[in-house]
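Positions are given from 1, in the same order as the sequence printed here. Everything numeric in this text was worked out from a predicted model, so none of it was measured.
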Amino acid sequence: MERLRTLPGDDVRQIMWRFADRYDLQMVVQSSRSVARTTAARLVADGARNTHEWTPEKAELLKAFDASGLTGMFMEPEQGGFLAGPKNLAMCLVAFELSWVDGGAATCNLATDLALAPIHERGTQEQKDYYMSKCVPPQPGEDREVWRGAFALTEPLPYVGVDTGVVSGKVRIDEWKEGEEPMLQVEKRGRFITNMAFANFVTAAVNTDDERIKSSCMVILEEGDEGTYDPGAPTLKMVHQLSATNDPVLSLKVPASRIIGGYTVQDGMIVPNYSHGEIIAAVFQRTRIPVGVMTSAKLLSAVEPVIRYQRGRFRGGESKPGTPRYELGLQQNEDANHRLLDVWSTGESMASLGFAAGRMADDFDPIEKEKERIFAEQEIKGPRAQMKALKPKEQDAIEMIQLRAKPEGDRDQARLDALEADPLVQYSYLSAMSNVYIPACKLWNTGYGCQMMREAVAMMGGYGITEDCPGFLGQKWMDAQLEATYEGPEVVQRRQLALSMTGPVFAAQLTAWIDELRLHAQETPGRGHCTLATAFELWAWTVEHLQSAKDPEGKPLMHGRRQGVTFALADALAWLVAVKCFMDDVDELAEKGPMNAVVAEGLDALVDFFGDMATWQAARAAGEAGRVAADLVFGYILHPDCAGECCSADAAGNLFEGAEAFYALRRKVDAAVAGARLAKDRAAADLTKVMIPEALDYPL
């Protein structure tokens with residue numbers, strides 16, 4: 001039976017990642033790829049990464065971004081951009097293509113968008129129009145420079161970026177004349193600030209240092225402002241050298257109108273409309289996604305170079321063409337193929353999770369704006385007041401999920417239509433889901449992805465850590481270490497995920513997923529749906545059990561400060577959600593593939609291959625969830641006194657009330673893994689036959 005012919009192409013990815021009907025995004029992909037595999041690849045191959053300095057050679061990247069249209073992608077058409085509406089998926093696609101070659105090039109491109117993000121999310125309309133328009137390349141007939149921005153959140157030594165709530169940058173009133181706009185004095189020393197070597201403006205988080213300014217805020221600083229605008233020395237980082245990173249010193253006098261989002265004057269006090277925390281939360285909600293996608297690109301980009309290396313490992317020696325040793329090289333060995341399949345299936349799950357999060361953010365953006373409009377009309381201000389107003393909508397969101405899960409003929413369609421038309425219900429739903437997807441993407445993709453990147457490098461032997469390793473795998477492995485810390489280290493993602501994963505809306509969606517997966521398991525048995533459904537059941541049971549369980553001292557286990565419990569559950573959930581996204585993409589390919597003439601040929605073989613990978617990845621995720629569940633359920637129970645008999649099945653069954661239910665679920669998970677190794681064998685065998693190009697399409 002015919003199996004996988006070639007590596008998945010653009011038509012396949014467009015279907016899986018849901019932009020087959022978006023010609024504009026397809027053009028964005030081609031533009032990004034062109035920059036990545038010419039300018040960025042040449043810089044890496046020529047050793048441009050060997051210096052911390054921002055050099056004229058590296059600056060060629062900026063020109064390439066301008067010429068390809070990537071610089072203006074973040075802006076609206078009326079501001080000089082070319083993409084209307086939300087751009088989260090577009091940013092993910094750009095990050096994916098650039099990181100396929102070099103993560104530093106991707107960071108360099110995304111950094112100005114990150115600087116603009118506070119203005120985009122919370123800025124006044126005047127601030128948006130002014131700065132967005134300055135950051136697009138000049139149009140024909142215009143004579144001006146393109147502005148670049150930098151985002152300054154992290155603080156000076158010694159503890160960089162540990163907590164976004166701790167900001168040592170200060171703002172105070174320098175001068176406030178009667179009837180005139182107040183002038184502010186801003187002091188900010190940044191650390192690890194990307195783009196700072198050439199930035200024309202900085203969006204900086206500062207805390208109040210004046211009793212006449214109520215709270216922290218973010219301000220816009222320009223290089224022409226009165227005072228010191230010192231980009232500082234290059235940061236001596238060992239990774240992402242194609243992005244400029246400095247430790248700036250900023251001491252500037254600026255008008256109060258530079259406060260992002262504006263301010264009001266109340267009783268002689270300046271009251272920023274948004275604190276720095278409110279702005280950063282809105283920014284990081286979205287900008288963490290492309291970073292997770294960046295690491296997924298590294299893993300998927302490793303597949304072709306590793307196959308080429310494995311097959312050619314013994315050529316040039318005594319082996320002859322036509323012999324297994326010559327044709328297959330290391331791929332004669334099951335271990336080589338199995339390990340590569342682990343890398344590939346992880347990369348697919350990471351990409352699926354990242355792009356799903358990007359699409360969800362695109363859906364969320366207009367809903368969030370509509371929510372803000374409604375609350376403004378109702379004069380509901382502040383996070384607490386909004387949360388209270390949204391509370392009743394949670395039940396409506398749960399009802400919507402339950403109605404969606406029913407067959408069309410069995411549900412109240414009119415009620416479902418009404419719920420789906422309510423923006424506050426949609427906000428409650430998308431907020432709950434994105435608060436799981438986005439931190440899971442950033443946490444799992446960059447954290448576990450980094451470990452798997454090390455595996456990809458190891459499969460190249462000593463060649464993997466050389467500068468001339470095909471695909472720059474060694475550099476990508478080192479770069480991945482940094483991506484795990486971008487925009488909040490792993491602990492920040494785990495904290496957010498731990499808070500979100502026990503919410504009632506997500507719990508309702510989880511129940512609907514389990515039913516949906518069971519249905520898929522009946523329609524396409526042996527594809528891992530059953531494995532994943534059972535693993536979700538075990539995870540949900542464990543959460544419910546731990547919410548009432550206590551340790552031997554009577555202290556609750558499910559508690560915000562009990563991070564040994566909550567963080568472990570967050571990690572396990574990230575594994576499971578990633579596989580769910582991968583399975584959704586494979587199902588989408590199976591459904592939509594026949595409608596694409598290019599994809600239709602050989603589609604069954606491709607779907608079978610992806611299905612086998614998803615089956616194996618589901619088994620890995622289920623194993624991880626089972627291990628975490630057993631650790632937590634039993635790990636906080638005192639080991640009974642015994643003489644070698646306490647671990648018998650009968651004794652263990654009495655360790656806590658409800659233990660039999662847990663054992664039953666564990667047995668179901670183990671049984672549901674049946675066939676997973678056979679699926680891995682089939683997919684691994686495909687790796688020995690798939691055709692690859694004669695050479696990579698970018699320099700070595």
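- In this structure, CD in Q402 is found 10.5 Å from CD in Q509, a value given to the nearest 0.5 Å.
- Judged by distance alone, with hydrogens and angles left aside, the side-chain atoms of E455 form no donor-acceptor pair with the main-chain N or O of V343 at under 3.5 Å.
- Taken from CG in L443 to CZ in F567, the straight-line distance is 9.5 Å, to the nearest 0.5 Å.
- No donor-acceptor pair closer than 3.5 Å links the side chain of N435 to the backbone N or O of S500.
- Applying the salt bridge (charged side-chain N to carboxylate O under 4.0 Å, His left out) test to pairs two or more places apart or on separate chains, those with a residue in residues 661-678 are E537-K668.
- At a cut-off of 3.5 Å, with distance as the only test, a side-chain donor of D342 or W616 sits close to an acceptor on the other residue.
- Taking the six-membered ring for Trp and the full ring otherwise, the centers of H120 and F74 sit less than 6.0 Å from each other.
- Judged by distance alone, with hydrogens and angles left aside, the side-chain atoms of K87 form a donor-acceptor pair with the main-chain N or O of G85 at under 3.5 Å.
- Look at R527 and D608 and you find a salt bridge, because one of the NZ, NE, NH1 or NH2 atoms lies within 4.0 Å of a carboxylate O, short of that distance.
- A donor-acceptor pair under 3.5 Å is formed between the side chain of S296 and the backbone N or O of V293.
- Of the residues listed (L93, L300, V29), the one engaging R13 in a side chain to side chain contact (heavy atoms under 4.5 Å, CB included) is L300, and it is the only one.
- Using a 4.0 Å cut-off between charged nitrogen and carboxylate oxygen, E490 and K442 do not count as a salt-bridge pair.
- In this structure, F634 has its ring center under 6.0 Å from that of F656.
- Residues E377 and R373 are paired through a salt bridge, judged by an N-O separation under 4.0 Å between the basic side chain and the carboxylate.
- How far CZ of R494 is from CG of L499: 14.0 Å, rounded to the nearest 0.5 Å.
- Remark: the backbone N or O of K555 is paired with a side-chain donor or acceptor of D551 at under 3.5 angstrom.
- Between L606 and the options D686, V586, L589, a side chain to side chain contact (heavy atoms under 4.5 Å, CB included) holds for only L589.
- Put simply, the side chain of T295 never gets that close to the backbone of G449: no donor and acceptor are under 3.5 Å apart.
- Atom CG of D585 and atom NZ of K580 lie 10.0 Å apart (nearest 0.5 Å).
- To the nearest 0.5 Å, the span separating CD on E408 from CG on D410 amounts to 10.0 Å.
- For F536 and W541, the ring centers are positioned 6.0 Å apart or more.
- Taking CG from L416 and CZ from R404, the interatomic distance works out to 6.5 Å, rounded to the nearest 0.5 Å.
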